[in-house]
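As structure tokens, the structure follows; a few thoughts come after it.
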Amino acid sequence: MTLAVTTANGPGGSGTETGHGAGRPRVAAADHGAMWVYIVGDLFIFGGWFVFYLVYRAGEHTVFAESQAHLSQTMGLINTIILLVSSWLVALCVNAARARSYDEAARYAWLTILCGAVFAATKLYEWTSNIAEGRSFTSNDFFMFYYFLTAIHLFHVLCGFIVLGVLVRTLRTPALRSQGVIENCAAYWHMVDLLWVVIFALVYLLR
Amino acid sequence: MAARTHLTVILVLLVSVTVLSWYLGTGGGAHPMAPNLTISAAVLFIALLKVRLIMSEFMDVGTAPAWVRRASNAWLVLFFAALFMVHIAVSGG
Amino acid sequence: MGEQMASTGQRICLWTAPVVGAIWVVCFFLFPGFTAPLSPTLPAKAVAAFYADPDNLARARYGMILFNWFGIGFLPFYALITVQMERMAHNSEVLAYGFLATATSAAVLISITILFFQIAAFRPDRDPAIVQLINDMAWMTFTVPVSFLMAQAGILALAIFLDRQPKPIYPRWIGHFNVLVIPLLAPCVFASIKLTGPFAWDGIWSYWVRIGLYVVWTIVMFVAVMRAMGRTAETPALTAAMPALGTGDA
Amino acid sequence: MSRQGAMIAGPPPGIKFPARLAWHWQHNRQIELWIVWWSMPVFYQIFTITYFVFARTMPPPPPHWNVAEIRDWVALRHSGIDIGYILFYLTIGLPGWHIGLIATLLKRMTISPAFAYAYLGTMAAGTVPGALLNGFGYSLLALRPGRDPAALAFLYEFANLTFVGTMGVFFVASFILVVAILLDKNDILPKWFGFACIWNLTTEFTVAPAWIFRHGPMTWTGGISFYWNMVVYGTWQIMYFVVFYKAIKKIPSNLSRPAARAEPVSLSARGSS
């Protein structure tokens, strides 16, 4: 069941750029509204969780610092770089789509999905190695937050695969091409990357 | 072509800043994570910078509807201020 | 044509109601706790003794097994009412779907009640306090949630009053009857706070009046559905003519 | 599609409140939709009063209490629990109506009716474990305070965990709503609301640790799993009312019978079921 993210072109909304005149970077507001509501909302929801993380970190500073030392910061660094590259790729994809070279854009989209898969794989590896060493969700508050934040983020990455799937389908089938959908999907993936950047700073590096 | 190079420059900037914050954060990976206010402040600031870059350059918040720009800026200011406050209030106090 | 085939299916749904009703009556007399309802004031030991008594135990177990099989039995009948509600001269089928949703919730509850009775009867030599707890849960789920039936009757009454067409699906007095059911069922919620008196779960109102009301409601609805089915089967074109009639000036 | 007046030129101006209602009852072609819609705020108002004012089981008492603390709390709240849950037991049937409204809107979309029936099925089954068992738990606590400690602790957890912990039902129902709204071309419900339902879906993840923890922010009364979830759920609930209000306004009154539904694709032959 493919999930076609059709833009909000209700009776009142302006038509989307279906395949013609996609060169115009500014897309009518009506097409962008839907995903942005979600992105902004999700940012604030995550913001709330980050504040809770810091409040609890303030309470048990030593426990958090010790547990943080157990985490492998280099693994976190690799993950961050992978997602930054994937964000770059999806930006290139949008850029190529604007220049209407859709095959190139589709290639970039596939590369983004690949990066996402690598990120998910390293994340699962990191979890299993931590759990193997006895540091699980219930060992202490730090690891509770660690598994909670990374798990919710991984859920967003998995949803990202669906969204990127829609992006590839939109790029592949000329009838469906609409710049609004392409930019919506890219914006979602940027949000996923952006949230990881903050998680990396808070969970791995904060002293 | 200009847009592509522009994006690549942004990527390089982001990656290098990330490596810098990693280096700062782990203190070169030498001694364990001794609590240190200036380093965490630097790490938080770098994170703020990265988020701002991703939003404006990659996400094209500029082309998004106006309320999105205002809302994401408000989130940045509000959220990072809260982070600084909570963090400094603890280790400083 | 579709209409003829459907009415056979509908007739089967219709006649499941009396069959399930008859089986429920058998369950009522089989389960010792129904003919003489357990009083909420019984101490834990007495409740445990009730289940431990070999004669009660056998009747309880077999009665509840039978009830478990047919506890959900009225849903085809409710589905039939939903189908007929969809034929009413309304602007949308919101009332039909609302009826089906509340009917489903009510049916889920009856199943939960049966499960608690069966668990209590499964190990009667359990610690009396726990047997009492399970028995409390059973009676609570059996008596207190009358609001689903009230919502069911309410939305049905609403649909009947709004069904403005020359030959409405159900006569208006059934709407009034459903409206009457609501205040009659309402006091049963006091079974959640009262241990004695008419509204306790073995009280006259919360037990006998409620069960009697449910029986009467089912019989009345059975007759109404049967009559409505008779009429719609004769004039299958009724659905097609619906939009033209529903011009709101009836 | 131009919207034929849902009512013929609206009620005559200047008539008093009861007369307006009588007029709407007689002439408004979408009166049943509006009655069901108005039952939503009414129910959620009573729902809030029951939990937050009378019984004060929201925000719920903490999970790390021992039996003595539970018994004292129940003794203190005894009359509040009684009154609150009486009100609750009288009105818990209304969500069935709301499910009917949403199923009708889903039926108006250009997607298969399977979504409407799936939504109706999941939510109708979900009302019972989602809210009602919470009521039974607390009522039985209040009914027999001198109960055996083990039974008391069981009822206390039974009440709180079934209420907060019924996740799958609302997760699947929200997922059905998200997919339906995003696929729909009739634009019955706005696309942004489709995305907003994903927040509601995510709150089911954040409440999951309540099944594991008895201390900290992720218990059934914790900062993240309860309070922040309430903020997210609260905003979604307000959007929920506004969006359905607009959707009903948008349904043209001649789009009454499902068979007559304006579907871009070929008219699905609707048997007389």
Side-chain angles (χ1 to χ4, degrees), chain A residues 25-27 29-30 32-33 35-37 39-41 43-44 46-48 50-51 54-55 57-59 61-62 64-66 68-69 71 73-74 76-77 80-81 84-85 87-92 94-96 98-99 183 186-187 189-191 193-195 197-198 200-202 204-207, chain B residues 3-4 6-8 10-12 14-15 18-19 21-27 29 32-48 50-51 54-55 57-68 71-72 74-76 78-80 82-83 85-87 89-91 93:
Chain A
R26 284 192 68 76
V27 180
H32 254 222
M35 184 69 98
W36 284 110
V37 168
I39 288 173
V40 172
L43 287 180
F44 277 94
F46 263 86
F50 294 146
V51 172
L54 272 168
V55 167
R57 179 190 174 82
H61 204 86
T62 47
F64 271 58
E66 277 155 29
Q68 197 179 24
L71 284 186
Q73 272 66 19
T74 34
L77 178 70
T80 314
I81 291 173
L84 284 175
V85 165
S87 219
W88 171 62
L89 284 169
V90 89
L92 286 178
V94 166
N95 198 278
R98 278 200 200 123
E183 300 206 349
W189 190 258
H190 289 310
M191 177 198 79
D193 172 33
L194 186 137
L195 288 172
V197 160
V198 182
F200 175 59
L202 290 186
Y204 287 85
L205 298 181
L206 213 56
R207 303 284 280 281
Chain B
R4 276 159 61 111
H6 172 68
L7 288 175
T8 319
I10 296 292
L11 173 70
V12 167
L14 281 170
V15 169
T18 310
V19 170
S21 73
W22 169 76
Y23 180 76
L24 274 176
T26 54
M33 316 281 290
N36 177 319
L37 190 59
T38 46
I39 291 182
S40 351
V43 162
L44 278 179
F45 182 72
I46 291 171
L48 171 72
K50 284 198 284 184
V51 167
I54 292 175
M55 273 192 185
E57 299 307 323
F58 282 174
M59 246 167 158
D60 298 333
V61 171
T63 64
W67 67 271
V68 174
S72 44
W75 178 74
L76 267 173
L78 186 76
F79 162 61
F80 274 90
L83 285 185
M85 240 183 353
V86 168
H87 192 67
V90 161
S91 39

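Side-chain contact between A:V40 and B:V68 is present, with at least one heavy-atom pair separated by less than 4.5 Å. With contacts defined as side-chain heavy-atom distances shorter than 4.5 Å, the pair A:W88/B:L7 qualifies. With a 4.5 Å cut-off on side-chain heavy atoms, A:V197 and B:T18 do not count as touching. You'll find the side chain of A:I39 reaches within 4.5 Å of the side chain of B:M59, heavy atoms only. Contact annotation: the side chain of A:Y204 never approaches that of B:V43 to less than 4.5 Å [non-hydrogen atoms, C-beta and beyond]. For the pair B:L44 and A:L202, the minimum side-chain heavy-atom distance is below 4.5 Å. By the 4.5 Å heavy-atom criterion applied to side chains, B:F79 and A:F44 are not counted as neighbours.
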Before you tell me yes or no, could you show the steps for B:I39 and A:L206 under side-chain contact (heavy atoms from CB on, under 4.5 Å), namely the whole-Å CA-CA distance, both residues' side-chain angles and the distance that decides it to 0.1 Å?
CA-CA 8 Å; B:I39 291 182; A:L206 213 56; over 6 Å; no
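Heavy-atom distances place both the backbone and the side chain of A:S87 under 4.5 Å from chain B. Residue A:L92 touches chain B through both its backbone and its side chain, counting heavy-atom pairs closer than 4.5 Å. Looking at A:F64, there are no atoms closer than 4.5 Å to chain B (heavy atoms on both sides), in backbone or side chain. Heavy atoms closer than 4.5 Å to chain B are found in both the backbone and the side chain of A:T74.
Between the CZ atom in A:R57 and the CG atom in B:L83 there is a gap of 11.0 Å [rounded to 0.5 Å]. Rounding to the nearest 0.5 Å gives a distance of 13.0 Å between CE of A:M191 and OG of B:S72. Taking CG from B:L11 and CD1 from A:I81, the interatomic distance works out to 9.5 Å, rounded to the nearest 0.5 Å. The CD1 atom of B:I10 sits 11.5 Å away from the CG atom of A:L84 when rounded to the nearest 0.5 Å.
Comparing B:L48, B:I54, B:L14 by heavy-atom pairs within less than 4.5 Å of chain A, the highest count is held by B:I54.
In this structure, the ring pair (Phe, Tyr, Trp, His ring centres under 6.0 Å) partners of A:F46, at least two apart in sequence or on a different chain, are A:W49, A:F50, A:H156. The ring pair (Phe, Tyr, Trp, His ring centres under 6.0 Å) search around B:F58 returns A:H190, not counting sequence neighbours.
Ion pairing of B:K50 with A:D193 is absent here, as no side-chain N (NZ or NE/NH1/NH2) approaches a carboxylate O to less than 4.0 Å.
A donor-acceptor pair is defined here as one N or O able to donate and one able to accept, closer than 3.5 Å; such a pair exists between the side chain of B:W75 and the backbone of A:L43.
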